[in-house]
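A short write-up of the structure that comes next.
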Amino acid sequence: MEKKINKFVYWTPRILSIILVLFLTIFSGDVFEENLGLWQTVLALLIHNIPALLLAVIIWISWKYEIVGGVAFILAGIAHLVFSIIRETPDPWYMALAISLILDGPAFLIGILFLVGWFKKKK
């Protein structure tokens, strides 16, 4: 049973983080509706995918060092949550909170699972 839990704690944050990064890249598809030239489209795709690329690098580092993934995904979730509430001003304000938790909830879960894996590895 302990071995199954360890496999779950090891693989779940890695798989979920890859899925989250792939989900984030979907949002960059709107650059194709702007009728830009080839190089402008490439640049727009690059700019839109900076958060996904940063998280991909974090996944690569945290594959071995779970503490990095734990801290980084939790901080990314907090940063996105704060920026979403500041940038979006729907009436009422808690709608921005609810909407941003769609992305931030999985980031918090991934961060927590990476931290659990790190604590288990330390033992």
Side-chain angles (χ1 to χ4, degrees):
M1 183 74 167
E2 181 72 25
K3 188 148 179 109
K4 285 185 179 184
I5 292 173
N6 287 339
K7 279 187 174 186
F8 176 81
V9 170
Y10 182 83
W11 284 107
T12 303
R14 287 158 175 82
I15 293 169
L16 288 177
S17 61
I18 292 169
I19 292 170
L20 181 63
V21 167
L22 292 174
F23 180 69
L24 289 175
T25 60
I26 292 172
F27 294 112
S28 65
D30 65 343
V31 300
F32 295 111
E33 296 175 0
E34 297 177 19
N35 295 324
L36 302 172
L38 174 66
W39 294 112
Q40 290 173 327
T41 303
V42 169
L43 182 61
L45 278 172
L46 180 65
I47 291 171
H48 277 75
N49 285 315
I50 288 174
L53 292 171
L54 287 174
L55 287 178
V57 169
I58 290 169
I59 294 168
W60 180 61
I61 294 169
S62 59
W63 207 276
K64 183 170 182 173
Y65 305 104
E66 286 94 351
I67 185 73
V68 173
V71 172
F73 273 93
I74 290 173
L75 288 178
I78 291 170
H80 182 265
L81 185 67
V82 169
F83 290 132
S84 293
I85 291 173
I86 291 171
R87 183 180 40 143
E88 301 290 328
T89 53
D91 196 25
W93 65 270
Y94 54 83
M95 289 304 291
L97 176 68
I99 292 169
S100 66
L101 283 178
I102 294 170
L103 288 177
D104 302 332
F108 292 137
L109 176 65
I110 291 165
I112 290 167
L113 287 172
F114 269 125
L115 288 177
V116 168
W118 178 69
F119 280 119
K120 284 193 167 284
K121 189 186 255 187
K122 272 181 60 172
K123 287 185 178 182

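For the numbers below, each heavy atom of this structure counts, side chains included, while hydrogens, waters and symmetry mates do not. Along the sequence shown, the residues carry numbers beginning at 1. This one's a predicted model, so the numbers in the text were calculated from it and none came from an experiment.
- Using a 4.5 Å cut-off on side-chain heavy atoms (C-beta onward), Leu55 and Phe73 make contact.
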Give every donor-acceptor pair under 3.5 Å between a side-chain atom in residues 96-110 and any protein atom, sequence neighbours left out.
{"residue": "Ser100", "atom": "OG", "partner": "Ala96", "partner atom": "O", "Å": "3.0"}
{"residue": "Ser100", "atom": "OG", "partner": "Leu97", "partner atom": "O", "Å": "3.1"}
{"residue": "Asp104", "atom": "OD1", "partner": "His80", "partner atom": "ND1", "Å": "2.8"}
{"residue": "Asp104", "atom": "OD2", "partner": "His80", "partner atom": "ND1", "Å": "3.3"}
{"residue": "Asp104", "atom": "OD2", "partner": "Leu81", "partner atom": "N", "Å": "3.3"}

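- For Thr12, the side-chain contact (heavy atoms from CB on, under 4.5 Å) criterion is met by Phe8, Leu16, Leu113, not counting sequence neighbours.
- Applying the salt bridge (charged side-chain N to carboxylate O under 4.0 Å, His left out) definition to pairs two or more places apart or across chains, none involves residues 51-60.
- No single ILVMFWY cluster, assembled from side-chain heavy atoms under 4.5 Å apart, contains both Leu43 and Phe32.
- Residues satisfying the side-chain contact (heavy atoms from CB on, under 4.5 Å) criterion with Ser28, sequence neighbours excluded, are Leu45, His48, Asn49.
- Residue pairs meeting the salt bridge (charged side-chain N to carboxylate O under 4.0 Å, His left out) criterion with at least one partner in residues 52-65, sequence neighbours excluded, are absent.
- Going from atom CG of Leu24 over to atom CD1 of Ile19 covers 12.0 Å, rounded to the nearest 0.5 Å.
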Which pairs of donor and acceptor atoms, one on a side chain in residues 56-63, lie under 3.5 Å apart (sequence neighbours left out)?
{"residue": "Ser62", "atom": "OG", "partner": "Ile58", "partner atom": "O", "Å": "2.7"}
{"residue": "Ser62", "atom": "OG", "partner": "Ile59", "partner atom": "O", "Å": "3.3"}
{"residue": "Trp63", "atom": "NE1", "partner": "Tyr10", "partner atom": "OH", "Å": "3.4"}

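- Ile67 is linked by a side-chain contact (heavy atoms from CB on, under 4.5 Å) to Val71, Leu115, Trp118, counting only residues two or more places apart in sequence or in another chain.
- Put simply, CG on Asn6 and NZ on Lys121 are 11.5 Å apart, with the number rounded to the nearest 0.5 Å.
- Within the structure, no pair that satisfies the salt bridge (charged side-chain N to carboxylate O under 4.0 Å, His left out) test touches residues 70-86, not counting sequence neighbours.
- For the residue pair Phe114 and Gly70, the shortest heavy atom distance occurs at CB-N, 3.4 Å.
- For Leu46, the side-chain contact (heavy atoms from CB on, under 4.5 Å) partners are Leu53, not counting sequence neighbours.
- When the ring pair (Phe, Tyr, Trp, His ring centres under 6.0 Å) test is applied to Phe27, the partners found at least two apart in sequence or on another chain are Phe23.
- The cluster map of Ile, Leu, Val, Met, Phe, Trp and Tyr, joined by side-chain heavy atoms under 4.5 Å apart, puts Leu75 and Val82 in the same cluster.
- For the side chain to side chain contact (heavy atoms under 4.5 Å, CB included) criterion with Ile18, the lone passing option out of Leu20, Leu22, Val21 is Leu22.
- For residues 12-30, the set of pairs meeting the salt bridge (charged side-chain N to carboxylate O under 4.0 Å, His left out) definition, not counting sequence neighbours, comprises Arg14-Glu66.
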